[in-house]
Amino acid sequence: MHQASSTRLAESSAPERTEASPCADSNISVTLHPIFAMDSGALYGVEARPQDHYAPEATASALREKAALQGRLVAFEFEQIERALTLLSAWDTASTPKLFVTVDTRLFLEVEDLSSRLEELLWRADAPKWLLILVLSERCGSPDLARVSTSVKAMTAQGFQFALDNFGGASDLRSLHSYDVGLLTIDRFFSDGVAEDQHKRFLLSRLIQLTHMLGMKAICTGLTRDVDLTLCHDLGVDFAQGDLLGGPQTAPAAIPTRCTVAVKKRQEAQVLRRAAQGIKDALIALKPTTISTPLFQVVSAFANPEHPRVLPVVNDAWEPLGVLLEQDLRPYLHSPIGLSLLRNPNSGLTLEALLRRYPLAKLEADPDRIMELMSGSNCDGVLITSGLRYLGFLPAQSLIKISTAQRIALAQDANPLTRLPGNRVVSQFFDDALLETSASRHFAYFDFDNFKPFNDNYGFRTGDRAILLFSDILKKTFGERDNVICHIGGDDFFVGSTMSNPNDFLKAVATAQEKFAKEAESFYSPEHRLAGEIVAVARDGVERRFALLRCSAGVILAPPYATDFDADMIASEIGRVKKAAKDSDSGLALLSLTGKASNTIITA
């Protein structure tokens with residue numbers, strides 16, 4: 001925004017103050033809450049929240065309801081928008097974030113000329129229309145969905161942007177169906193504590209999937225813990241907000257332009273990385289059109305019979321907004337009257353009016369997840385993004401080929417007994433760990449103790465059952481969050497992790513060991529369980545007594561920003577750690593890397 005914009009707001013020659021302008025004696029101020037792009041950590045927008053000087057503890061919904069009871073709801077809503085635009089005028093044009101302003105949906109029922117009055121405020125602030133995103137809130141009232149929907153659709157056709165507030169809370173599926181929005185603010189209930197709550201994790205993953213299937217983006221709010229932030233990233237959340245990332249500010253200069261908390265990127269198997277490259281290679285580089293382009297100028301794109309029947313539409317930042325379909329233009333393309341309507345700027349037929357939401361997927365997404373998006377939306381392709389920007393169009397046939405190739409690669413690398421990935425994924429985890437130095441990196445090697453005499457006594461089929469038991473324990477204990485679980489071969493397993501807290505990782509390792517030792521007893525006869533040992537022939541041919549099965553674990557921890565080590569060093573050190581674990585009473589040995597080969601191994 002230009003420097004002169006604040007002066008324009010203060011000294012504008014616009015009409016005298018109406019409901020659309022704040023009252024001179026108002027007690028309302030506005031704070032700005034940053035919203036960051038999950039992948040890049042860059043500042044994407046700020047949310048304006050009203051605050052009463054005399055009741056700072058009052059929530060925005062309480063202030064909104066109080067204004068409604070006083071007959072001042074319209075004045076209240078316009079006041080917060082104007083004050084937020086005033087604050088935003090401190091940013092320059094190149095870096096101005098989007099402005100999210102939550103408004104009560106009753107506003108659309110009480111103001112007939114809402115779009116023109118908003119355009120006046122934007123003009124006075126010298127702000128483009130795409131800068132403002134109206135967040136629809138239904139916390140205080142139950143408006144006529146049909147009437148509000150009609151108004152929202154009309155304003156969308158005029159270039160305004162909308163988001164749905166508190167989805168899964170005050171806003172439900174009826175609101176999602178009724179309103180044409182580009183973003184969903186997901187109720188904070190689903191992200192709070194999601195790292196430990198598997199049920200929440202499932203629900204949140206499905207909400208994200210639904211959002212992208214409908215061609216929208218998702219915002220998770222109220223984030224206060226790094227582990228929840230990391231999991232939200234892994235599930236594909238587009239934007240994040242919360243005290244962890246930055247609290248409310250009254251001055252734009254105090255808002256960081258980049259998230260200070262490092263979002264840990266999910267560790268991907270090598271086959272998935274190849275799949276991402278396959279997606280990039282299969283993209284059709286359809287040149288998009290911007291939302292501001294007159295409709296008659298984009299019609300020629302469909303003149304070529306080889307051109308796909310879809311035209312991507314982006315905003316000035318190349319963020320995909322949806323698509324223009326040839327089938328929607330067909331009635332106008334083949335008649336003189338229809339062509340005249342397309343060329344007439346006063347006909348009301350605009351690109352915004354014909355815009356359709358379309359499935360969105362990130363380049364790094366799992367092809368199988370993209371397949372779910374596409375099949376659920378009944379579309380013949382998806383729009384692929386990278387860093388929120390449009391990258392290309394991926395046809396359905398190409399996606400099917402990529403998904404099939406990935407399944408074959410995963411099957412070839414998987415252990416035939418446990419179906420867990422093998423050494424190739426372990427190597428890829430090492431490579432990632434060496435590159436992502438801002439994260440904690442943990443490596444655990446598991447190896448059964450006394451497995452040979454157990455096999456000799458009970459047979460290989462029972463031995464396979466013990467291996468499958470431990471595989472299931474690892475899956476349940478570590479899951480998929482920030483972890484890579486591999487079966488190297490025989491009774492050797494590997495877990496790589498980027499859990500932020502090393503103590504949590506060590507507790508998980510100990511839990512897996514304890515569960516295995518306890519549940520493996522069921523494979524023994526009552527006599528052997530009672531004795532706590534078996535008699536078998538050792539490798540040297542001498543008959544000896546052996547304790548019941550347990551699993552040793554050699555653990556290596558690499559703290560954030562530790563770089564004085566490489567894969568070869570870890571490989572050489574793991575031998576020492578595994579031996580120390582087998583020789584210890586607990587079966588657990590720990591080595592913290594500082595870049596020196598003489599690090600001390602700690603046993604419990």
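The residues Lys579 and Asp583 are annotated as salt-bridged, a charged nitrogen and a carboxylate oxygen being separated by less than 4.0 angstrom. Salt bridge absent: Asp197 and Arg201 never bring a charged side-chain N and a carboxylate O closer than 4.0 Å.
For Leu391 against Ser386, the heavy-atom pair with the smallest separation is CD2-CB, 4.1 Å. Pairing each heavy atom of Gly554 with each of Val577, the nearest pair is CA-CG1, 3.3 Å. Closest approach of Pro34 and Gly247 over heavy atoms only: CD-O, 3.6 Å. Residues Asp492 and Asp447 come closest through the heavy atom pair OD1-OD1, 3.0 Å. Nearest heavy-atom pair, Leu235 versus Ser205, reported as atom, atom and distance to 0.1 Å: CD2-CB, 3.9 Å. The shortest heavy-atom contact between Leu417 and Leu468 is O-CD2, 3.5 Å.
A 6.0 Å sphere centred on CZ of Phe189 holds no more than 12 heavy atoms belonging to other residues, nucleotides or ligands. At most 12 non-hydrogen atoms from other residues, nucleotides or ligands lie less than 6.0 angstrom from CZ of Arg545. For CZ of Arg188, the number of neighbouring non-hydrogen atoms (other residues, nucleotides, ligands) closer than 6.0 Å is 12 at most.
The closest side-chain heavy-atom distance from Ile370 to Ile279 is below 4.5 Å. Residues Val382 and His212 have side chains not in contact (no heavy-atom distance under 4.5 Å, counting atoms from C-beta outward).
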### Task
Could you walk me through whether Phe470 and Phe448 pass the ring-ring contact (aromatic ring centres under 6.0 Å, His included) test, one step at a time?
CA-CA 10 Å; Phe470 189 65; Phe448 293 179; 5.5 Å; yes

### Task
Evaluate side-chain contact (heavy atoms from CB on, under 4.5 Å) for Leu549 paired with Tyr524, printing each intermediate quantity in order.
CA-CA 9 Å; Leu549 273 179; Tyr524 289 89; 3.4 Å; yes

### Task
Give the intermediate values and the outcome of side-chain contact (heavy atoms from CB on, under 4.5 Å) for residues Ile208 and Ile186.
CA-CA 9 Å; Ile208 301 304; Ile186 296 177; 3.6 Å; yes

### Query
Run the side-chain contact (heavy atoms from CB on, under 4.5 Å) check on Ile488 and Tyr445 step by step: do they pass?
CA-CA 9 Å; Ile488 300 174; Tyr445 285 82; 3.9 Å; yes

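No donor-acceptor distance shorter than 3.5 angstrom exists from the side chain of Asn483 to the backbone of Ser497, with no hydrogens or angles considered. In this structure a side-chain-to-backbone donor-acceptor pair under 3.5 Å is missing from Tyr358 to Pro312. Of the possible donor and acceptor atoms, one in the side chain of Arg357 sits under 3.5 Å from a partner among the backbone N and O of Leu321. Remark: side-chain polar atoms of Ser471 are not paired, donor with acceptor, to backbone N or O of Ile467 under 3.5 angstrom. Between the side chain of Thr477 and the backbone N or O of Ala508, no donor-acceptor pair lies under 3.5 Å. Asn450 contributes a side-chain N or O that, together with a main-chain N or O of Ala547, makes up a donor-acceptor pair within less than 3.5 Å. A donor-acceptor pair under 3.5 Å is absent between the side-chain atoms of Arg550 and the main chain of Ala517, judged by distance alone. A donor-acceptor contact shorter than 3.5 Å is absent between the side chain of Glu519 and the backbone of Leu469.
Here Leu360 contributes atom CG and Met216 contributes atom CE; the two are 9.5 Å apart, rounded to the nearest 0.5 Å. To the nearest 0.5 Å, atom CG of residue Leu311 and atom CZ of residue Phe393 are 11.0 Å apart. Interatomic distance, CG of Asp472 versus OG1 of Thr418, reported as 9.5 Å (0.5 Å rounding). Taken to the nearest 0.5 Å, the CD1 atom of Ile556 stands 9.0 Å off from the CZ atom of Arg576. Taken to the nearest 0.5 Å, the SG atom of Cys551 stands 11.0 Å off from the CZ atom of Phe451. Expressed to the nearest 0.5 Å, how far CG of Leu210 lies from CG of Leu173 amounts to 7.0 Å.
If you look at Phe516 and Phe446, their ring centroids are not closer than 6.0 Å. Ring centroid separation for the pair Phe443 and Phe429 comes in under the 6.0 Å cut-off.
The aromatic rings of Tyr458 and His528 lie perpendicular to each other, with more than 60° between the two planes, well past the 30° mark. Taking the six-membered ring for Trp and thresholds of 30 and 60 degrees, Phe100 and Tyr44 have ring planes inclined between 30 and 60 degrees apart.
Counted by atom type alone, Ser171 and Asn166 present zero donor-acceptor pairs between their side chains at under 3.5 Å.
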